[in-house]
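For reference, the structure is listed below as structure tokens.
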Amino acid sequence: MVSVNELQSMYENMVTARHYEERLQEEYLEGKQPAFDISAGPIPGELHLAAGHEASGAGVCQHLRDDDTVTAPHRPHHIAIAKGVDLKRMTAEIFGRETGLSKGKGGHMHLFDPEVNFACSGIIAEGCPPAVGAGLAAKKRNTDSVAVAFLGEGAIDQGAFLESLNMASVQNLPVVFVVEDNDWAISMPKHRITDVANGARRADGFDMPGERVDADDAVAVYEAARAAVGRARDRNGPSLLEVQVHRRMGHFMGDPEGYRPDEDKAAAERRDSIERLEADLRGHDVDDETIDDLRDRAHERVEEAIEWAKDQPEPEPADAYEDVFVNPASGVTDSEPSVAETGGDD
Amino acid sequence: MVSVNELQSMYENMVTARHYEERLQEEYLEGKQPAFDISAGPIPGELHLAAGHEASGAGVCQHLRDDDTVTAPHRPHHIAIAKGVDLKRMTAEIFGRETGLSKGKGGHMHLFDPEVNFACSGIIAEGCPPAVGAGLAAKKRNTDSVAVAFLGEGAIDQGAFLESLNMASVQNLPVVFVVEDNDWAISMPKHRITDVANGARRADGFDMPGERVDADDAVAVYEAARAAVGRARDRNGPSLLEVQVHRRMGHFMGDPEGYRPDEDKAAAERRDSIERLEADLRGHDVDDETIDDLRDRAHERVEEAIEWAKDQPEPEPADAYEDVFVNPASGVTDSEPSVAETGGDD
Amino acid sequence: MAQQEREPASDGRTDRSLTMSRAMVEAIAHEMREDDDVFYMGEDVADYGGIFDSTDGLLEEFGYERIMDVPISETAYIGAAVGAAQAGMRPIAELMFVDFFGVGMDQIYNQMAKNTYMSGGSVSVPMVLTAAVGGTYNDAAQHSQTLYGTFAHLPGMKVVVPSTAYDAKGLMHNAIRDDDPVVYLFHKRLMGIGWMPAPDGPKTGVPEDEYTIPFGSADVKREGADVTVVTLGLHVHRALEAAESLADDGIDVEVIDLRTLVPLDTETIADSVAKTGRLVVVDEDYRSFGVTGEIVASVVEAEGGLADLEAVERVAVPDVPIPYARPMENEVIPDADDVENAIRDVHASE
Amino acid sequence: MAQQEREPASDGRTDRSLTMSRAMVEAIAHEMREDDDVFYMGEDVADYGGIFDSTDGLLEEFGYERIMDVPISETAYIGAAVGAAQAGMRPIAELMFVDFFGVGMDQIYNQMAKNTYMSGGSVSVPMVLTAAVGGTYNDAAQHSQTLYGTFAHLPGMKVVVPSTAYDAKGLMHNAIRDDDPVVYLFHKRLMGIGWMPAPDGPKTGVPEDEYTIPFGSADVKREGADVTVVTLGLHVHRALEAAESLADDGIDVEVIDLRTLVPLDTETIADSVAKTGRLVVVDEDYRSFGVTGEIVASVVEAEGGLADLEAVERVAVPDVPIPYARPMENEVIPDADDVENAIRDVHASE
Ligand SMILES: Cc1ncc(C[n+]2csc(CCOP(=O)(O)OP(=O)(O)O)c2C)c(N)n1
Ligand SMILES: Cc1ncc(C[n+]2csc(CCOP(=O)(O)OP(=O)(O)O)c2C)c(N)n1
Ligand SMILES: [Mg+2]
Ligand SMILES: [Mg+2]
């Protein structure tokens with residue numbers, strides 16, 4: 001059974017994530033006015049917000065430690081927050097600043113925080129194999145850390161995910177695959193791209209337990225994840241979990257969502273996992289004041305991170321030549337991972 | 001129920017295939033003596049023989065017409081024979097001759113016979129997506145032709161196969177996937193690379209029927225394939241079939257098979273699907289003479305094909321520049337598929 | 001300039017201006033009307049109309065059967081296009097961003113590109129693979145590449161890179177009708193998408209009637225006597241901008257738009273360098289082992305090329321992934337100033 | 001020649017000859033003994049010992065846990081190597097034939113190669129990706145490529161191509177110890193596999209002790225004054241053969257073995273061309289948009305390079321897939337005669 005402390009912790013993560021997304025949305029859109037221009041404003045590039053996905057990140061990561069690895073997809077913020085990624089440096093990264101997690105090189109789809117073993121990336125299902133690799137490293141080193149790969153329901157038809165299920169299974173690795181099913185892959189409804197309404201059905205074909213949590217319910221996710229993470233930590237092998245979530249915003253900021261029925265969007269708003277968890281908290285006799293405190297603290301943290309990030313300096317142009325092996329103009333024999341050799345493009 | 005005619009037809013295909021492999025083995029190895037040298041002898045390159053796989057090709061293709069498409073993997077001969085590929089031109093191709101199916105450009109892993117819609121290729125599971133495409137074309141053109149993708153059990157962990165299952169399923173395409181399970185992927189036993197002893201279990205995760213035929217039994221394959229091909233032809237969607245076969249020879253010619261227990265190899269020889277089918281024929285009152293006739297005719301056809309092939313001329317060096325779009329040295333604007341422009345490498 | 005183009009029919013209103021995406025879509029729609037075997041597959045190509053407007057409006061006319069959304073299974077659907085093409089259809093398959101090629105490359109280069117050859121010509125693969133390329137909007141290392149060199153290096157595919165609406169339409173007609181596989185790479189920044197403003201150049205007059213632009217015919221987008229700039233895609237416009245700016249200083253720049261990398265029109269390049277003696281090659285792909293090196297080598301190899309050549313510069317993305325933050329992305333993707341500087345350098349040399 | 005190599009310890013018996021595969025395996029075994037974090041993953045690497053002997057004998061010493069057979073899931077296991085490397089281990093992942101890159105390329109180039117950059121250097125990916133390359137034994141279009149240019153073009157990977165047992169060992173030590181991802185491409189024909197006889201050259205004296213060969217140091221395998229040949233892999237030996245044959249005619253050829261494509265030792269090349277004025281670039285990859293063009297461009301760009309250069313030829317696979325039958329395969333893969341002819345051409349020119 002979930003403890004009140006854990007409920008509160010999940011709640012705080014979820015409220016932080018929700019407020020974070022809402023604030024990023026403001027900051028992002030503000031700069032793209034009046035006609036939406038993706039290359040304008042304080043936050044560069046694409047932005048995929050996860051409002052409505054919070055129960056998944058919070059419920060799963062509640063079972064994880066810093067030495068556990070998480071890989072996340074293009075919609076990563078709620079997971080990063082629940083995993084304990086440094087919020088200030090993550091925000092600075094999203095704003096493209098020098099003190100960002102990746103010094104401004106990665107942006108919101110490429111957040112890496114080795115302190116808590118978190119990474120995300122922008123190609124569908126791409127994080128699954130590296131999660132298998134983290135599980136393999138844990139097994140080889142005989143630690144009890146685990147790895148969790150998050151992906152969207154649109155990603156369950158991608159080879160990288162399906163191959164990873166088999167590899168984790170045959171090598172009995174401590175890996176949990178978590179599918180966040182928000183019913184949409186950009187504009188494509190789930191039923192258009194797969195006949196399997198319950199993605200967890202795929203697990204059996206790889207001799208792995210699969211379970212679906214059919215509501216935006218942080219506590220139900222928490223319970224299912226307890227079993228899956230526990231199984232991994234006890235060296236009993238991988239699991240697949242599919243979690244129903246909802247996408248409250250467009251696929252990316254600027255998405256006109258012309259393909260989406262109004263009722264679908266309205267339903268996403270009705271099924272609010274945060275309200276539901278609030279009710280659970282009250283059911284556990286947590287009073288209004290405590291809940292308000294948790295929420296205020298979360299909001300404050302978000303504001304602080306955003307303020308801090310916006311104050312940070314931008315990288316210098318020449319920083320672009322650092323942190324990669326660069327094919328040197330002459331026979332440089334340095335084999336360090338970070339080399340600054342090439343001086344420019346002309 | 002299978003008819004006597006059909007039993008005889010399968011038998012003839014199987015005996016042809018078996019004798020073909022044995023004869024190719026002789027021709028191939030003869031030229032590589034005394035120390036095995038892969039680049040010597042009348043048959044160039046690698047050679048993957050399918051002795052022991054015959055029940056699969058024969059049992060499935062018995063249900064196919066020329067307008068049905070088959071894609072096969074690196075071990076294709078028995079399937080090609082059962083599908084009705086021109087044996088002479090196929091043999092000439094294997095011997096690298098000008099009159100081969102591909103004019104000597106493809107070799108034994110790249111046999112294409114558009115007359116009967118057969119193709120094979122050398123990358124694991126690579127033929128699955130094109131089979132899906134053939135099924136898609138049939139659906140779009142509203143014909144009742146079907147497509148069958150053959151692959152090895154080692155290929156069921158490859159993304160191309162797994163993605164194809166989903167795509168065929170969600171688009172309800174007339175495709176049958178046939179897994180030939182010979183227990184080995186080169187030197188890797190099946191249990192080392194997957195926990196799913198019965199690969200047909202994967203089907204359910206894509207909402208598709210899956211069935212396994214657990215013996216080297218052409219009649220059982222025939223029955224299972226009847227249902228699967230029939231389902232496809234009737235526009236009821238794809239199926240997955242796994243068929244137990246045995247590899248009587250090395251993975252490729254020259255494979256020392258040091259990894260393979262003697263008993264495993266002995267078992268492969270014991271479980272001979274051809275002997276089994278012979279017994280079935282006798283059970284259907286086919287007499288010795290008829291069986292001998294079938295066998296003799298098959299052997300004759302093989303000998304003829306090999307003799308013919310060995311008599312064929314080799315391609316000219318400059319033929320290498322034909323049948324592909326070649327980046328021309330100057331602004332040639334030809335957009336035909338076959339262009340000979342580049343004159344050499346120096 | 002592009003002598004080979006078929007003249008538009010007399011009723012074609014050539015004064016009509018289109019964005020590059022409208023011009024592409026017009027060609028696709030025309031081919032789909034003419035030939036039932038043409039269809040389009042990709043992610044978000046139906047209701048959404050293509051993330052970069054590549055199929056905008058087609059669903060309404062042709063329906064879900066011919067403008068097909070597919071699972072996020074690039075290997076499966078690109079390979080399915082190969083299979084359908086071999087069965088005689090003319091599929092167009094879209095890879096949403098060229099950067100995703102790595103999940104489906106086997107089907108692309110080992111089957112689509114090779115099956116004609118491996119079958120000795122008995123099989124042809126008349127399909128088009130479209131993909132969006134390019135940076136300039138801070139989408140970082142996995143969504144900003146052009147990868148021109150990667151596709152042009154591997155034999156069996158024609159590689160098309162339009163820079164204007166006029167070219168985009170004619171090249172698309174040709175691509176769909178071609179019996180070989182064609183990789184058609186369109187630059188996002190040129191498409192004229194509402195949320196990603198295009199520069200002025202790509203929106204051009206486009207005849208309403210069909211017309212084809214043959215592959216392998218580079219287009220001299222600007223004639224000049226002093227320096228030859230060879231480029232493609234977005235960088236045609238950046239080179240033209242640099243050329244205009246240098247005209248004031250009396251440097252007369254010729255700008256060659258390759259339009260196709262395979263086949264490559266080395267003749268037009270060599271002729272121009274014979275005239276100018278000075279060469280600047282500009283692209284948005286990685287510098288090393290790619291387009292710029294090939295163009296330089298092709299000039300050096302041409303009859304008299306080495307003698308003609310007085311100075312050369314390459315302007316491309318230095319060999320680093322594309323960074324996210326603006327100052328860094330601007331640094332690595334060549335802009336008009338970078339091109340201008342290179343032109344000045346080769347002009348001043350000797 | 002290779003000044004930078006660490007001297008073998010005095011007890012090293014440098015007169016001991018090894019095949020290239022034995023030399024590679026020796027380096028791997030040494031690193032595995034020294035560091036528990038090193039392990040090897042691939043298809044048929046355990047009991048079989050690697051289809052091309054790349055792990056021959058390692059299972060016996062290190063067991064299945066460290067010499068790991070994996071499912072035929074290149075995306076999964078190469079990506080798993082990335083994950084394990086980021087967790088601090090030092091995996092070696094083998095792609096059995098480089099031709100299969102297309103099924104796993106996303107993990108290779110979008111993660112292995114880019115994660116260091118995309119993380120601003122907070123993550124490193126100390127792994128080695130090995131793959132067999134090359135033709136000459138009639139394995140046709142899907143099993144005979146070298147694809148040097150494909151890997152060298154995309155940033156973030158070091159690319160190593162040994163041509164002798166001595167180099168193979170030193171480069172392998174360096175590859176495993178490198179904190180960057182390294183793609184190590186070994187040519188099948190050089191390995192000394194029983195069933196695929198190697199030419200004489202690759203079997204060389206190899207010290208028993210460890211030693212490293214720094215990346216980015218090309219090796220002048222033969223000094224000469226008249227013509228510079230730049231090459232790598234198998235073609236080092238074909239170029240040396242051509243050079244010997246030409247020596248009788250008084251043409252003195254210098255043969256440069258690149259050893260690594262990334263980093264590229266352009267200095268050694270430019271110095272040689274400054275001396276000879278004549279350049280032949282030879283490789284086994286496709287001609288266009290690849291290695292040969294890059295080398296030519298790098299010489300042209302070098303200080304004084306354009307002035308030094310009097311004649312150039314490229315010898316590579318013309319832009320066709322590799323055909324199966326011998327007469328055709330022999331035609332497209334450059335042999336010593338092709339190299340000799342090109343050298344004669346550039347020597348005769350002017
Ligand atoms: C291999 C690949 N194909 C396509 C894309 C483009 N793309 C980005 S997100 C997305 C939809 C993902 O849907 P889902 O996995 O359900 O995640 P969600 O966005 O709903 O959270 C697509 C197709 C990509 N990034 N990578
Ligand atoms: C993508 C890819 N990976 C690896 C290989 C090398 N390879 C060729 S056959 C084979 C084993 C195939 O086993 P299976 O599918 O069971 O077929 P079988 O040979 O047993 O008939 C492997 C690994 C390949 N051709 N393609
Ligand atoms: Mg989704
Ligand atoms: Mg097998």
Side-chain angles (χ1 to χ4, degrees), chain C residues 74-75 99-111 113-114 116-118 120 140-142 145 147-156 261-262 264 281 285-301 306 309-314 317-321 323-324, chain D residues 74-75 99-111 113-114 116-118 120 140-142 145 147-156 261-262 264 281 285-301 306 309-314 317-321 323-324:
Chain C
E74 283 78 1
T75 294
D99 315 65
F100 308 160
F101 85 95
V103 303
M105 192 59 174
D106 182 63
Q107 295 292 326
I108 296 170
Y109 104 108
N110 261 334
Q111 301 228 74
K114 289 180 184 160
T116 296
Y117 192 77
M118 295 192 304
Q142 296 186 330
Q145 300 164 105
L147 301 179
Y148 298 140
T150 298
F151 287 88
H153 179 53
L154 300 165
L261 285 169
V262 181
L264 181 65
V281 191
D285 196 7
Y286 303 115
R287 175 191 183 91
S288 293
F289 303 94
V291 171
T292 56
E294 182 61 27
I295 302 296
V296 172
S298 81
V299 169
V300 166
E301 278 175 340
L306 193 49
L309 203 56
E310 288 161 41
V312 182
E313 284 225 13
R314 298 197 276 169
V317 174
D319 300 319
V320 300
Y324 171 68
Chain D
E74 284 78 1
T75 295
D99 314 65
F100 309 160
F101 86 96
V103 302
M105 192 58 174
D106 182 63
Q107 295 292 325
I108 296 170
Y109 104 107
N110 261 334
Q111 300 229 76
K114 289 180 183 161
T116 296
Y117 192 77
M118 295 194 302
Q142 296 186 328
Q145 301 164 104
L147 301 180
Y148 299 141
T150 298
F151 287 89
H153 179 54
L154 300 165
L261 284 170
V262 181
L264 182 65
V281 191
D285 196 7
Y286 303 115
R287 177 193 183 91
S288 293
F289 304 94
V291 171
T292 55
E294 182 62 26
I295 302 296
V296 172
S298 81
V299 168
V300 167
E301 279 175 339
L306 193 48
L309 203 56
E310 287 160 42
V312 182
E313 283 224 18
R314 299 197 275 170
V317 174
D319 300 318
V320 300
Y324 171 68

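Below, chain A is the first sequence line, B the second, and so on; all start at residue 1.
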For this session: Determine yes or no for a side-chain-to-main-chain donor-acceptor pair under 3.5 angstrom, with C:Thr75 supplying the side chain and C:Val103 the backbone.
Result: yes

Problem set entry | Main-chain N/O of D:Tyr286 paired with D:Asp319 side-chain donor or acceptor, under 3.5 Å |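 Checking the backbone N and O of D:Tyr286 against the side chain of D:Asp319, no donor-acceptor pair under 3.5 Å is found.
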
Exercise. Does any heavy atom of chain C fall under 4.5 Å from the side chain of D:Val291, the backbone, both, or neither of them?
Worked result: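 Its backbone and side chain both get close to chain C.
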
Exercise. Which region of C:Gln142, side chain (C-beta onward) or backbone (N, CA, C, O), has a non-hydrogen atom less than 4.5 Å from a non-hydrogen atom of chain D, or is it both or neither?
Worked result: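 C:Gln142 touches chain D through backbone and side-chain heavy atoms alike.
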
With chain D as the partner, which of [options] has the greatest number of non-hydrogen pairs under 4.5 Å?
options	value
C:Pro323, C:Ala140, C:Ala311	C:Pro323
C:Ala113, C:Gly120, C:Gly104, C:Ala141	C:Ala141
C:Ile295, C:Leu154, C:Val281, C:Val299	C:Leu154

Exercise. Could you state the interatomic distance from OG1 (D:Thr150) to CE (C:Met105), rounded to the nearest 0.5 Å?
Worked result: 7.0 Å

Seminar exercise, completed: What one should report as the nearest heavy-atom pair of D:Pro321 and C:Lys114 is CG-CG, 4.0 Å

Problem set entry | Top of D:Leu147, D:Asp285, D:Thr292 for chain C proximity - count of heavy-atom pairs under 4.5 angstrom |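 If we count pairs closer than 4.5 Å to chain C, D:Asp285 comes out on top.
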
Exercise. Would C:Tyr109 and D:Gln145 count as having a side-chain donor-acceptor pair, cut-off 3.5 Å?
Worked result: yes

